[in-house]
Each structure stands twice: as C-alpha cells, then as structure tokens.
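Structure, as structure tokens:
As the structure is a computational prediction, the values presented were derived from the model and not from experiment.
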Amino acid sequence: ADAVTLQLKWVTQAQFAGYFVAKDKGFYEEENLDVTIKPGGPDIAPEQVIAGGGADVIVTWMAAGLAARDKGVNLVNIAQPFKKAGMQLVCPADGPVKTEADFKGHTLGVWFFGNEYPFYAWMNKLGLSTEGGADGVTVLKQSFDVQPLIQKQADCISVMTYNEYWQLIDAGYKPEDLIVFNYSAMGNDLLEDGLYVLEDKLADPAFEDKMVRFVRASMKGWKYAAENPDEAGEIVVENGGQDENHQKRMMGEVAKLIDNADGKLIIDAYERTAQALLDQKIISKPAEGAYTTAITDKAID
Amino acid sequence: MISAKGLDLTFQTGDGPVHALSNVDLEIGKGEFVSFIGPSGCGKTTFLRVIADLEQPTGGAITVNGMSPQEARRRRAYGYVFQAAALYPWRTIEKNVALPLEIMGISAAEQRERVKRTLDLVNLTGFGKKFPWQLSGGMQQRASIARALAFDADLLLMDEPFGALDEIVRDHLNEQLLELWARTNKTICFVTHSIPEAVYLSTKIVVMSPRPGRVTDVINSTLPKERPLDIRESTEFLAIAHRVREGLRAGQSYED
Amino acid sequence: MISAKGLDLTFQTGDGPVHALSNVDLEIGKGEFVSFIGPSGCGKTTFLRVIADLEQPTGGAITVNGMSPQEARRRRAYGYVFQAAALYPWRTIEKNVALPLEIMGISAAEQRERVKRTLDLVNLTGFGKKFPWQLSGGMQQRASIARALAFDADLLLMDEPFGALDEIVRDHLNEQLLELWARTNKTICFVTHSIPEAVYLSTKIVVMSPRPGRVTDVINSTLPKERPLDIRESTEFLAIAHRVREGLRAGQSYED
Amino acid sequence: MTDRLRDKIIPVTVILAAIVVAWYVGSYAMNAPFQRDLDRRAGVTSTTWEFVVKTMSQPKPTLPAPHQVAVNFVENTFFRKVTSNRSLVYHAAVTLSSTVLGFAFGTVLGILIAVGIVHVVTLDRSLMPWIITSQTIPILALAPMIIVVLAAVGITGLIPKALISTYLSFFPVAVGMVKGLRSPEIMHLDLMHTYNASAGQVFWKLRVPASVPFLFASMKVAVAASLVGAIVGELPTGAVAGIGSKLLSGSYYSQTIDMFAALVAGSIVAILLVSLVGLAGRITERVMGARPA
Amino acid sequence: MNPIALLPWQSVAALLAAIVALAGLPILPDGMAPASTALVFLLVLTGALVPLLRLPTATESFVLFAAAHGPVYLLLSGITGHEGQAGLAFFALVAASWLIAWRLVTVLSLARPTSRPMGTLLRLVVPTLFGVWLLLLWEAIVRGAGIPFILLPPPSLIGVRIANSLPILAADVQQTIFKSVFAGYFMGCAAGFSVAILADRFVFLRRGLMPIGNMVSALPIIGVAPIMVMWFGFDWPSKAAVVVIMTFFPMLVNTVAGLTAAGSMERDLMRTYAAGYWQTLWKLRLPAAAPFIFNALKINSTLALIGAIVAEFFGTPVVGMGFRISTEVGRMNVDMVWAEIAVAALAGSIFYGVLALIERAVTFWHPSVRGG
Ligand SMILES: Nc1ncnc2c1ncn2[C@@H]1O[C@H](COP(=O)(O)OP(=O)(O)OP(=O)(O)O)[C@@H](O)[C@H]1O
Ligand SMILES: Nc1ncnc2c1ncn2[C@@H]1O[C@H](COP(=O)(O)OP(=O)(O)OP(=O)(O)O)[C@@H](O)[C@H]1O
Ligand SMILES: [Mg+2]
Ligand SMILES: [Mg+2]
C-alpha cells in the first residue's frame, strides 16, 4: 500500500470526521493507501509541517495556505471539502453590540494562527481600525473556549457553528440570547478546510495518482460521515475526540458545510478569498497557480 | 558573684539522656579569675552557657549577681566570648564591636567613643574599618574580646577563646588578658584545654571530668597577682600544674 | 635523607610577593625525628610541601633521598599526614587506609594484609568497618597516620597532625608516635605549634620565623631515646624548652 | 510519635484544612456571578442555600469546588480502564514516560557538560555564561516549533517531548555537578597528588564520590523541571495523550474540573518522582556511609 | 622529532579537515572565485601551523583570530544566495576554521593576563567568541545544507528582522516584560518573602507551611496558566498572576531556609545581648539569609519570563512576546519568532546579570563572592 501522511489543522474532532471515517471504514485501504492521520493543535502550523517534509497533504484554511505560498511554501489546493465557512462572531443579546455599527469602541475576541484573516478582512471592509480606541475595535487573541464571553472579558467572540457555538448553548445561553454574525451569510467568508499539497511533489505522476485516490476515498468518507453523523461521531471519539455527544452534534453541523461532498473548489469563492487577502496585504502579490481542479476532476465523476 | 548549688543538666537526645552537668557546687567571688579545665565533653561549655542563660539547668539552683541567670541576661550583666570569633562577616570590625551597643540603644557618639576605647585596649587601633576576613585569626579573636568588653559588664565568660591560636600569639594574649583583668577588676570565667594556660591565668582552677560532667577538684592558685611569662618555669607553677594534671588523669581513662 | 641548600620560595599574590621560604639550609639524616616550630605563616607547611613536591621552590636546591622531590613523589617515597585527618567520608576506615594501595595497584590480598597490619600498629584493630564520622577525632587522626604508613615509605611528613586534639589525647598519641618511630626507624618531619610537644618528640628541633620565612635555630635534643611522659617535668626537658622559647621570641615581634 | 504528631502532622493538616475552606469560599465567590446570570436568563429564583449548592455543582465552573475535583479525579483514576483515553492513569503514564526519558538524557548531558567544564579549561572559561543564557531562552515558547522541526527530520512521538525536558533538566544537573566535582577540599586533592594518582584515579576515587550529594540534590530539581517540560511539550502535540493534552483539551471545552483533576494528577506524578529521586539519593548516601540525619 | 607531534590536536584536526576539503573541491559549484578558494586554504593552513612557530601569546592569538574568521567570512559570503549547494569541502573548511577558533580560545584561556583590565577583557572575550561561533556554525549549517528558512532561519536573517521590527519588539517587551513579568515578579517575591517572615515568626505556621511549600515548588505550576487566563482576563494581570504563583514558592522556601542559615553561635551571641526578635532578624538573620534570597531571586527571574510567555499562549491582547511567537509561527514568519526569542534571551540575561551584580554588591562578605 502507498503511504500517505495527513496533517490536520486542529485536534481530533468531527471537523475532520471524513478522514477518520475513511480510515476506519477501510475506504483508504480499498484505494491501496496506508494513511496516517496526525492531529494538530493550537500551535501546530500544518504549512510548516508539510514544508519540513512531515506530511504529504495537509488540511488548512485557504487564507493560511495562500499566506504560506506567499512566503515561498508552494502549496496547491487539490480539494475543498468545506464549501461554506463555519466561523461566526457572536455577541450576547443583552450586551452592547447589536449590529455591525455597534462594534466601535468594543472588544472582540478572535483566534489567531491563521484564523484571524477573515476577521481582519471583514473589519477592513467595515473600515474599522483594529488598534483599539473609541473609533476602532480592541482585538483579543481569545482562548479556545467560550469563557471570554461567560466571564464578560469580550463583548463578542469568535465561534465555529459546529463547535464553540454549542458550548455557549451548553453554558445556558439560548439561541435567542445570542446575536450572530455569520461570515458566510454576510458574504465575508474565506474558504476554510481544504486539502493542500506541495506543488513540486504534485508534478510527479505517481504522487498525483496517489492524491487522486486519496481524495476519492476521503470524499467517500465525508459522504458516509454526513449520512451517518452518530456513527461518525463515535469513530471520532475512538480516535481521541472528546465528549461523544458534542462530536455527534458537531458532525451534524459540519455536514451542512460539506454540501454534496464532491470536494470541488468553487472558483468564485477562491477568487474572492484571494482578493480579500491581497486587499489586506496579507499576501504581497496576487496568488497564481494556488489551486488545481485536476485531482478532483479525476477523483470524482 | 556566681553561686551554683547541686546544679544538674541532662540533655535528652536520640540515644538517651546525656548528663552534661551533675551535682555541681561552685562559688565564684567578685574579681576572681576562674579557669575551667577538663577533657572534651565534661560540661565546661555547658556550665558557662547555664550562667549565660543559654541553657536551662534541669536541677539545682544558680544565681548570678544574686539574680536568676535570665534576669542577669536581661540586665546585660555579662560579656560572652565564644570559642570561635563569631564576628559577622558583613560588618566591619568597628561595626562588630558596636553591635551590642546598637542593640542596647546607646547613642552614636557614645558608641564611637567606646568602640575606639575597646579597640585600643586590645591593640587593634586602626583596624576598625577592615572586614573580619581581612584580619588574622588572632586579630579576629581580639576583636571578639573587644566586642564583649565594649559594654563594660562586670562578668566576662570566655569559652576557649584562644583555642585556635598558636602558642606565641596565645602567650601574648594571655599576658594582655591578665593585665586587663588586673586593671578593670572584672570577674572572669575562662574555659581552656591547656594546663599551663589555666595555671598561668587563674586565681582558681576548676577541674572537671565527664560522664557525668562534674567538678572533681577546685585548686586555689598560690601564685602572686603579678605574673611575668617566665613564672611558668618556676617550681611553684610546676607544682600547681602537676596537681592539675593529676586531677585530670584521675578523672578520666585514656581510651577515647 | 633530605638536603636543602639556599631554598627560596616566593608566592606571587594579588598584594605582591610573599616570601614563604628564604635561603633555607637544612640537612636531615636517615632515622631522625625532626620537629618544625614557629609562629603562624613562617613557612613550616610550605617547607613540608616542597619536600612532598606539592610546591615548586623558586630558588635553591633540594634533594629527597638523593632524588628531586618530583622523582621521589613518583616513586612514592613518603607518606604525608595533613593537619586535619582528611579521611574520605564515603570510605570505611579500612578502605581509607587501602586508598594509596589501590592507587599503586597493589593486589587485593596484599592490601588486606597491609591494612590489617597498619591498623593494628595504630591501635585501631576492629574499627576497620566503621566510617570516619563514627570515630572520635583522635581515632580519625590515627587512621590518617595508618593511611600514611600503609605503603611503608621511609619518610613520614606530618603537618600539625595533633593540632585539633585536646591535650590529654594528644599526650597519648605522642607516646604512641614515639614508640612507632622507635620500632620502625622511619625518618619523620613533624610540624607543631606546641613547644612541649616538639621537645618531647624530636631528635632535632628546627625553629623558624616569618617574613621572610627562614630557619633561625636548629636545636639537637640531648634527651634519651626512651622518653616516658613525665620526662616533661625534668630539668633537661625544661632547659631545652626554654631554649626553644627563647629562639621563638628572638625571631618575631608580637605584632601580627 | 507524639513529637511527629505535634511537629508535623497537626500543623500540616490544619494548614491544608484552611486551604480547603478558602478554596470553597473562593469557588462560591467565583462561580456566583455566572450562576446569577444563568438564573436570571432562566427566570429561576432560589433560596440562599440552594444557590450556594448550585455554585458548587456547575458542570463547567470557573473555580470547581474541591469535592468536584476529587470526584472527577477518583473516577478517572480508579474507575476507568487504564488503557482508556479518559483514564488519568493512562495520561499520567504517557507524561511520565517522556519525563523519565528526558530526565535521563538531561542528567547524562548535565554530567557530561560538568565533567567537561571541570577538566577542560577552554570549556570552563567559555561555556558557563552560555549555559545560564540557555535557560533564559523561553524554550517552552519554542516547544511547538521544535516538535514540528523534529517531525520534519522524522523524529516523532516520545523523543521531541523528551528533548524539551532534557533542555530544562540538564541545567540544574550541570550546575550542581560542577559544584560537586569541585567540592573536594584542596587537602583531599593534595593527598591524591602525594600518591602520584592519575587524573582518572582522582576523578573516580575522589571527585565522583564527593559529588554524589550534589548530584542528587540537583536531580531533584531536574526531575521537576523535566515534568514541566513534558507537560508543556504535550500542549501542541495535538492533544493526543498526556497530562498536558488533558489540560489543553480541558481548556478547549472549558472543562475546568477536568483541568484541575489533570493538575492534581500532574502534582502527584511530581511528588512521586521527586520522592523517588530523594529516596535513591538517601539509599546511595547510606551505602556510601553518610551519617544518618 | 615529528612536527605533527608538536601540534595541538585542534591544529592536527584542522589539517585533516583541510585535506578532506581538498578532496571534495570545488567548495561551491559556482559562486566562489578561485582566488578566494586559495585564500581560504592559505588562511586555514596558516592557522593550523602557527603553533609551530612558538610566537608570543598576543601575536599567536592575532594570527589565529585572522585564520579562523577570515575563511568563515569568505565561505559564508560565498554560500549566501547559493543555499543548499554546499558540498563536503564547504563543511570541512567550516570545521577547520572552527577548530582554529577553538585553538584560539584555548590559547586565550591559558593566557596569564598581565594587568587587571586585561584579565577582565579576556574573561569577556573567551565566552563571546564561543557564542559568536555558535551563531556562525548555525548560519553555515542552515545555508550550507539548504534548510528551508521557515523551519530554521539563519542568524543573519534574524538580525535583519530584529533591526526592521524594533517598534513591534519594543511594544512586546513593554507588554510582556515591563507589565506582566515585573509586576508578577515583584508581587510574587514580595509575597513569598513576607510569608517566609510570618512562617519564621510563628512556628506553627512554619511547620504546617514548609512541607507544603517544598512540595508545591516541585509541581508543574505552569499548568495553571489557562486557569489564570480564565480568571483574570486577557491582559497582563493574568500573566502576572501566573508569574506570582510561579515565583512565590521558590522565594518562600529559600527565605525560610536562609533564615536558619545564621550559625547557632551567632544567634547565641544575640541572646547574650538580650536582643529582641526584630533586632536579631534585622542585624543577623537577614544578612545571613541574603545569599539564599538572591538565589531565589535569580531562579525566579527565569521562571517569571517563561511563565509570562507561556501564559500568553492562552489568550492575550494582540501584543506581547508570547502572542507574537505563537501567531508568527502561524504566519510562517519564523524569523520574527526567532527575533522575539533572541530579545527574550537578551532580556533574561540582562535581568539575571543585574541580579548577579546586585548580589555581589550586597553579599560581598560571603566566601563564594570573596573567593571568586
Ligand atoms: N544541645 C545538646 N544536646 C545534647 N547533648 C549536648 C548538647 N550540648 C552538649 N551536649 C553534650 O553534653 C556534654 C557536655 O558538653 P560540653 O559542650 O559542655 O562539653 P565541653 O566540656 O565544653 O567539651 P569541649 O571541650 O569538647 O568543648 C557532651 O557530652 C555533649 O555531647
Ligand atoms: N598558595 C599560597 N599562595 C600565596 N601565599 C601563600 C600560599 N601558601 C602559603 N602562603 C603564604 O606563605 C606564608 C607561609 O605559609 P605556611 O602555610 O607555610 O605557614 P605555616 O608556618 O604553615 O603557618 P601555620 O602555622 O599558620 O600553618 C604565609 O604568609 C602564607 O600566607
Ligand atoms: Mg566546649
Ligand atoms: Mg601550616
């Protein structure tokens, strides 16, 4: 079997259920692949891992992928399982922020490590300074939970539809207690989880073939996971995920972002993402050759 | 000055009780120079420490100047010179000598005056600004004597003050100590291991023996108060020394 | 055995040169018991260390057994007894005595035999398995002498070996040392601060004086080889002691 | 026995009890505001006592009450299969293995450096300031990168974490051993010289035994540092296993009780390791004839 | 006699390395003029053979200095722009110049300075050379082996980045060191000290607290960082809180130990003067405890920095050294990460050095200071 190492961008959870399902259900084996899945963490940059040769393919957000490409790590998007963004900003309804116009002078929590780009793009669009003060917003690098809101340390915080949002619900907030700014709904979304490989490696037909098989099996995994969220949740927990109910629920939410599980990149969304990054000077020159549809074209028919 | 009656002191240790002092009777008059001599562990230091209220007797009675030792300590009735100089290394010699004066709350001017006087007394004029480690062992020991003299108590307790010094320096300090004693008329209790030193200095020699620590002999010296160094080669001196040596021998076996 | 001619040794220190030895001439014959006496800092230790090749002279010549000191050290021609016992605390007494033998690569059986013999010699039979801290100071000092004797060098260098002991124990060890010397006919160089000790032990007393360190007097003892302890109250003894004391006085001022 | 009771057990118990009481008060004070918000949103009113009980039984409290931590700890320590991902024993074992490995590397490295410094003048003059500087580098901040970089050259699993522990633990050992190897008095060294002993003989027969107390004292510090290294090294490894990952995943889901239980587990591991090293030290010293305290 | 036997081992090894390099020529496929190649070899040979001349120390050091640093300079400027093309010859020559530098350090370590300032200078130069060579070797290996800069940037790039990012670095230092570290350090040390005095005053407290304190100082306290962030918010107070907790126990334990350091004779002396508790504390026990207290202050200086930086991983405002390190890793700006680390190491060393100087001044009387 051909060995493939996949580096995730975060800890084991249903956000990556498709890959775990594909492995667990033997979809990779069917394609004659031996896949190792490496979980990520708050300080693991998958781009760095792949540049150092620690992985063949990585899951990362497009903003981070393009930023790395800009720095000379020639990453290429080969598939885009997540069609919509899961990120949103939430504020308590009894707090000071009700609409975008209320942001001024308030404190907003954001994750960093590549996840901050959509936020900065949005603020850029609103014309708000992120340096604090009365006319701008104060940015916090928030922790990876919802405490900042519960402890009232921030006026609004970032959550993922499939993860932290539910932690708020668990903490006693009802959906009507929360005001939600969803990046996808606002049209401010930047593409999230996609699969990336190094450009020069892709030039090798054998590697390309391996990736075709990998993407095919992975998408099969995603499809299965979307159809059987409870089973997928259990598989994730068996692979080290925490809190079974939470994972099942997460799988249900993630399924909404996956759409029809064909993994095809929507070119419009790509263009918009690239443009937003350029506007904000997160990348210094227009991205070129940062994606290929060849793999998904061959893998999915 | 000091009067002990049936004094007992037992230390409770891990290996059982140690009888450091057992039934000690002793009278020391004002102005006497008393030497304590005896083999290691016979309770010389312990007896001095009882006088100084650094140790509580477990039996018997002791008075210092007619008071309890604690009372005497509170009234700062004595100066204590330890076996080692025990100077504080972060203070200059001057400051070390001034230490008891500071603690007793004596005015700065008076402190300066007294420090100067006592340093002169022990021949350390000009060394006041040095730190202890910059002085030789003998000089350190003299500084520690100066410190005990600085506040002018009537009673001086000295625990082997010259133990670490060489014989020549020791002779010299012995002479000076005798002179000081003659001049100031203090009462001095002096612990030593050296028979000649004990005989040379004292008006009274207390011979002790260990296990349990007790007084085996008290020898009153017949030597005159005026004592040049070569009195140590006189027959009278040798006779007393012989008696002390015999007293010591009687009190102990040689096996250590 | 040892012959020094115009020996000089100057230490370069931060405060300028210190003349530890200056123009020392000395002849020591085989089988002699030589004591070195003198005030602190007169170079007694330094002289012993030169013999032992622990210090390099800066001038003059010295031979040990006709060889250079370095050569003599390589041949393990002497045993050295330091002022403190300097036993290794992690070794039993036995192992401490065996240390030089181990280093010289002597067979285990022979080691055992020699350790037993030397421990018997210093009256420590049966204490071989104890650790140093389980022994009294005097016993430790005897163990350290045993260690120096274990490899049977003809020359024994002893630097104030009994300095830290009390007078009674000291007397006892002095007797034993004399006996050992008489029995084995070794050459012994012995540093001390005590005049009676020097007179009691030696066939030759070297009086030294400091700044610069030099030999001021060499006194040959007229005492017989057989010396009971109370020889120290004899007139002959006192006469020699007096001469030593005079020699010491002459060589120094009291200011230290 | 009664002495021990008076001098140790009673004071320690009293202070511990005081800490527990303060902890309860603290957890009421810290959990109350959220509970009030929660009640207000849910429209519940409750008596004071009910309210106090509620602050002590939140699923994700700001400061969990001692009994919550205790229950969680006992459950996850004794009532889980040790192979289970939720077993604290399992996580502790993972952390322990990299701690021990890193500690072993660190001790060996520290000793080698100390031997070098004591025997090679060049190293003595040039290395020491850099050893101190090395500890001012926040290696913990570098931990994620180290793990990525090592993964790039194919080193994964236990070793990268252990290397972080090594970095933290070699320092106390090196410093302690330099002191220890230099601790023999001049007189002891001179004695060896009079025997015309070789450098190797001086080293093995004098310097090494003399340095043993220093070695164990610094090993105690080193093993604690090693544990810190292992835990921090686990933070970025993707929350797979180990006490560090337990802390991390606890913090993702605000599972404060889990975090405290993990901290307790970490502390027990620490105490265990330090006492083991202490015990080894005492035994060694006893064998070497040190005077019993 | 065989001249090789007269050479120190570093020189012999340098010669061997040069021979290996000769076999592995050219140094770089392109980018190194024959003249520079020849110069490199010439300098290396000079450096390796100069010990044979038995020159005076000063002259020999000078020659060695040139012979070590000349080649490495040429080699590094040659490789820049041709990363990853280095062959055996390149590394062998770097090794040779490093060996010559080692020889230089050995010569300098053995030198007997003639004057005091000279001695101080030597004491500084020797470790500096060591550090410089650490950086030179790093540069040579990273560039020579062509390690991707996003894994490990060469020191020269880090230097450039530091120079270009001074305002950001200053803001981070301000946030992390001047706010979190200093506040936490002073509060933690002061609290540890005060509790130590209390524990000293009240025997019961000491008996109860010390076993606990000794234990806690071995615990992985850094684990409370996420909890502190949860409690005290994002800004510096939560970092300071972590630092307080980390520094408290070492200070407590050391101070209590230090307060027992005064000898019993010194204490009895105070008793013979019928001195009160505070007089004894102030005039005897605190001075005697000073070395212990400084020990704690020094240990705490490194702990404080680590604590503050790690705490910043769990949530911060968008400034601070820990924040920068973790976000810039995510942005692939690894040179910035190393710039922060260099600044942290520098700040830590200065902090430590200042403490060491104060310690020398305050405990001038202690044998360890007097002797050295
Ligand atoms: N604090 C103590 N606890 C237990 N035993 C003690 C204590 N102090 C002294 N001793 C024991 O009491 C006995 C007498 O001791 P002391 O110090 O008075 O003897 P000494 O005559 O001064 O001896 P040296 O000449 O050696 O100073 C000894 O056996 C000693 O071990
Ligand atoms: N290593 C050294 N460096 C500098 N000066 C030294 C050194 N060793 C000894 N001295 C000095 O040399 C002189 C002679 O010292 P030595 O130790 O030989 O005296 P000593 O006669 O043995 O004195 P003591 O009776 O105090 O042991 C002293 O002034 C001493 O300070
Ligand atoms: Mg005594
Ligand atoms: Mg001497």
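For the atom pair NE2 of H193(D) and CG of D53(C), the computed distance is 5.0 Å after rounding to the nearest 0.5 Å. Atom CG of N196(D) and atom CZ of R75(C) lie 11.5 Å apart (nearest 0.5 Å). Y195(D) OH to E102(C) CD: the interatomic distance, rounded to the nearest 0.5 Å, is 10.5 Å. Rounding to the nearest 0.5 Å places CE of M288(D) at 12.0 Å from OG1 of T92(C).
Sorted by first and then second residue, the ring pair (Phe, Tyr, Trp, His ring centres under 6.0 Å) pairs involving residues 38-75 of chain C (not counting sequence neighbours) are F36(C)-F47(C).
Against chain C, the residues from residues 200-214 of chain D that qualify, each with a non-hydrogen atom under 4.5 angstrom away, are Q201(D), K205(D), L206(D), P209(D), A210(D) in number order.
With a 4.5 Å cut-off on non-hydrogen atoms, A84(C) touches chain D through its backbone and its side chain both. With a 4.5 Å cut-off on non-hydrogen atoms, L157(C) does not touch chain D at all. At a 4.5 Å heavy-atom cutoff, the contact between R76(C) and chain D is made by side-chain atoms alone.
The residue among A86(C), A153(C), P100(C), A148(C) with the most heavy atom pairs within less than 4.5 Å of chain D is P100(C).
Here the side chain of R73(C) pairs no donor or acceptor atom with the backbone of T194(D) at under 3.5 angstrom.
The 12-atom threshold is exceeded at NZ of K30(C), counting heavy atoms of other residues, nucleotides or ligands nearer than 6.0 Å. Residue-environment remark: NZ (K220(D)) stays at or below the threshold of 12 foreign heavy atoms within 6.0 Å. Within a 6.0 Å sphere centred on CD1 of I186(D), other residues, nucleotides and ligands contribute 12 heavy atoms or fewer.
M192(D) and L99(C) make their closest contact through CE-CD1, 4.0 Å (heavy atoms, listed as atom of the first residue, atom of the second, distance).
Judged as a ring pair (Phe, Tyr, Trp, His ring centres under 6.0 Å), and not counting sequence neighbours, the contacts of Y80(C) are F82(C).
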Let me have the donor-acceptor pairs involving side chains of residues 103-119 of chain D, under 3.5 Å, with sequence neighbours excluded, atom names and distances please.
| residue | atom | partner | partner atom | Å |
| --- | --- | --- | --- | --- |
| T107(D) | OG1 | F103(D) | O | 2.7 |
| H119(D) | ND1 | V115(D) | O | 3.2 |

